[in-house]
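Protein chains get the first letters and strands the later ones, always in sequence-line order, with residue 1 at the start of each.
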Amino acid sequence: MFFNAVSQDPRAVNVDLQTDAMLQVDISDALSERDKVKFTVHTKSTLPNFKQNEFSVVRQHEEFIWLHDSFVENEEYAGYIIPPAPPRPDFDASREKLQKLGEGEGSMTKEEFTKMKQELEAEYLAIFKKTVAMHEVFLCRVAAHPVLRKDLNFHVFLEYNQDLSVRGKNKKEKLEDFFKNVVKSADGVLVAGVKDVDDFFEHEKTFLLEYHNRVKDASAKSDRMIRSHKNAADDINRIFALLSYYPSNSNVGTMFGGFFKQKIEARIAADEDLKLADLLKYYLRESQAAKDLLYRRSRALVDYENANKALDKARAKNRDVLQAETSQQLCCHKFEKISESAKQELIDFKTRRVAAFRKNLVELAELELKHAKGNLQLLQGCLGILKGNT
Amino acid sequence: MKSDSPLFLVAQDLTLFCICVNVQSQPASLAAEDISTNSNGPKQDSLFDDDPEDLFAEATEEVSLDSPERDVLLSDGPSPAITPITPPTSVITPRIGHTHDDMFTHSSFDEIEEEEGGDSFDIHISVSDPEKVGDGMNAYMAYKVTTKTSISLFKRNEFAVKRRFSDFLGLHSKLASKYLHIGYIVPPAPEKSIVGMTKVKVGKEDQSSNEFVEKRRSALERYLMRTVKHPILLKDPDVLQFLESSELPRAVSTQALSSAGLLRMVNKAADAVNKMTIKMNESDAWFEEKQQHFENLDVQLRKLHTSVESLVCHRKELSVNTAQFAKSAAMLGNSEDHTALSRALSQLAEVEEKIDQLHQDQANADFYLFSELLGDYVRLLTAVKGVFDHRMKTWQKWQDSQMLLQKKREAEAKLQFTNKPDKLQQAKDEIKELEGKVQQGERDFEQISKTIRKEVSRFEKERVKDFKTIIIKYLESLVQTQQQLIKYWEAFLPEAKAIS
């Protein structure tokens, strides 16, 4: 089953093709308050677990994180790629700009102020839409996953119409997390060194490590490129605004004014951001989640091998053999379970990735073409008028 | 004062002149520029309908075409389309029935004065082949100045000489001293750059010093072309000598850190102070109008220049970042294990690489076509303001002579009642001399006023033509960029679709 990771249409429909009942989740509304965003999570489902077929609750970012973390910490899900958590809504930069604008209100003309305010509001809106989309994608991925969709916490998240009282991690917990990650990375190095007998996983390990790093690099570079593009677009806009007061021949002025209104360059930069930068960012997180899966499997493998060694030792000494046998069996079972689901998860990951890249690259090319053609038309119109007037 | 005394007559002339002008005042169809921020947008707003076909389905909100303080950027005078709300105080048509040029019509006034007949303007100058001469701090760049012309003034049709930067400065200095004070707009020479030149002298052969030399070469070429386009300056012997003679005496006084340079700076400061203290009774609204117009134009051009410079900078940045992204995308494509996606990513990398080159070229166009032109005009406007200042000075000189004459007359009148025949005669002689001066002063003032009118109209025509040419070139370069972009993305699209 494939799923477009970065869906353009916020109302991405999620229909389960299997015999399970339908579960469709989306974010139908969102409200931005001073320092938090409130998402309205809307669910449509024929699953028997829910009291109603359709219902909505209000959730905040911390609650999404809680849900994500609960998956990660659940041993049962060790064999799955946990959908990456949505990034925290970050309106700081935008809010700061709006504040500065408010402070500087006295120093500019009313028109300038209104214009700038509109631009900043549009920027704020764009960021807002993006964060809504990313939170929604997370929920849809969970809803699409055959096992995770059945998770109890998920159902509580969807249905419980009170505050989940999930507080953000306090300092102590954050520190714990930090250490866990340090241990994990150190472990990861050890574990990565263990050569896997299974060709498939060996290949995946090598592939994912390199891929993840390259995606990280590409993501950073694409961000930089798009930021430059946005800066250039701002300049171009300012220039056309100044030029649009082309006199005597008001047609030309209108033409320049048209450029100013359309703000094509800015749209190109925005579309590149959406189709390219966001795609890369998402797959950066997904590939990390896949790496985590491999890590967990390797960890289980190491545990299994250690349990084997312990069993051999116990047998040799003829002490605690039963205990060692049980332990070894558990480890074996855990490892095999993870390996089995991990294989499928990684195959699905590849399918998803290829589909998402295809969709976004095609859309990127189509948008670039559309904008270039639009630009061309405006430019040629302008030239026609300028030249025709001699 | 006797009613037939010269002073009274002069005063009468002035008042008659003022009255004459007042009577001709008409409502503002040709209003002076109004920089009030309350003015509504020009008619462009109503003419601009929304795009019938919305090419941009993903559009967000539209921004309204507001218009804060506005001056006509590319016309040479107030445009009839602009109707300010508050009519300015001096809505007076100039005393000669001179309609302001809009972009595409000549006024009859100009046609009388312009020497458009005779030699068709056929001269082309190119500055090329920058060559480093000498070593160390005494080194300099020599440029080849080639002239191709059919004008009979010149001995040959095609000839070339070698000149260095200080030669150009010397030429400008001579022309300025000869023509500025009588009202001719002498094009300013390119700016000195101690930093830039030092790099070249020291022998740094890197991209920035190459760019510096190219920037300078291009500026020198534009400078010469502007100078020879001026019908009066073209005939000046210094100009002819500059273009034709193989040897030119070294212009030492142009060195920045010389005594002549310091003297120039002191003079400039003194001028600035003087300007503040001269309070001229502007009897001719045309001048007031034009001065305001040039003030506004200056503001506009500077704003535009800043924006374009910023664009050049950002585009260069974009080019660099696009190249880096291209490399990164190629790497990503390499590590992608799905074959078709891998290929598509490599293609993407190639497209981005080509686009980076496009950005680079576009940045150059931005700079050389647009930014430099704007810089030239910002400097030219300084020269224009300069001639207006000279006119003020001329007026002041005339007024000073007049006041002195009046004093002398009063003194003479007093002397009439004393019995000092020698002194009386001396006074009468002085008065006669002063009367001559006053007349000369008035003639000078009228001459410079007349010259400035001609010069301004010529300047405005040139400016409009220049801008139009450059903007067309610039837009053409933008068109080319878009066409290339379309080509690249159209080639990429099937690759992206082929991913399965």
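With sequence neighbours excluded, the residues satisfying salt bridge (Lys or Arg N to Asp or Glu O under 4.0 Å) with B/Glu372 are B/Arg222. For A/Phe207, the ring-ring contact (aromatic ring centres under 6.0 Å, His included) partners are A/Tyr211, not counting sequence neighbours.
Residues of residues 475-482 of chain B that come within less than 4.5 angstrom of chain A, heavy atom to heavy atom, are B/Leu475, B/Glu476, B/Leu478, B/Val479, B/Gln482 in numerical order. Interface residues of residues 358-367 of chain B toward chain A, defined by a heavy-atom distance below 4.5 Å: none.
The contact between A/Leu276 and chain B is made entirely by side chain atoms (from C-beta outward), counting heavy-atom distances below 4.5 Å. With a threshold of 4.5 angstrom between heavy atoms, B/Leu311 approaches chain A through its backbone and through its side chain. Only the side chain of B/Phe370 comes within less than 4.5 Å of a heavy atom of chain A; its backbone N, CA, C and O stay farther away. Residue A/Glu265 touches chain B through its side chain alone, counting heavy-atom pairs closer than 4.5 Å.
Between chain B and the residues A/Ser222, A/Ala233, A/Ser219, the largest count of heavy-atom pairs under 4.5 Å involves A/Ser222. Of the listed residues B/Gln483, B/Glu495, B/Glu336, B/Glu317, the one with more heavy-atom pairs under 4.5 angstrom with chain A than any other is B/Glu336. Contacts with chain B were tallied for A/Glu210, A/Arg224, A/Gln380; A/Arg224 has the most, counting heavy-atom pairs under 4.5 Å. Chain A forms the most heavy-atom pairs under 4.5 Å with one residue out of B/Leu332, B/Asp337, B/Leu318, B/Leu493, and that residue is B/Asp337. Highest contact tally toward chain A, considering only B/Leu485, B/Ile472, B/Val320, is held by B/Ile472 [criterion: heavy-atom pairs under 4.5 Å]. No other option in A/Leu364, A/Asn231, A/Asp234 has as many heavy-atom pairs under 4.5 Å with chain B as A/Asn231.
With salt bridges taken as basic N to acidic carboxylate O contacts below 4.0 Å, one links A/Lys221 and A/Asp217. Checked for salt-bridge contact, B/Arg315 and A/Asp235 miss the test: no charged N lies under 4.0 Å from a carboxylate O. Ion pairing between A/Glu286 and A/Arg353 fails under the 4.0 Å rule for side-chain N and carboxylate O. By the 4.0 Å N-to-carboxylate-O rule, B/Lys487 lies too far from B/Glu490 to be salt-bridged with it. Salt-bridge check for A/Arg227 with A/Asp223: failed, with every basic side-chain N at 4.0 Å or more from each acidic carboxylate O. We find that A/Glu366 and A/Lys370 are not joined by a salt bridge, their nearest charged nitrogen and carboxylate oxygen being 4.0 Å or further apart.
B/Asp356 and B/Ser319 share a donor-acceptor pair across their side chains, judged by distance under 3.5 Å alone. There is a side-chain donor-acceptor pair under 3.5 Å between A/Asp348 and A/Gln344.
Nearest heavy-atom pair, B/Glu352 versus B/Ala326, reported as atom, atom and distance to 0.1 Å: CB-CB, 3.8 Å. Of all heavy-atom pairs between B/Gly333 and B/Leu345, the closest is CA-CB, 3.6 Å. Contact detail for A/Val215 and A/Tyr283: the closest heavy-atom pair is CG1-C, 4.0 Å.
In this structure, the side chains of A/Asp273 and A/Lys230 come closer than 4.5 Å at one or more pairs of heavy atoms.
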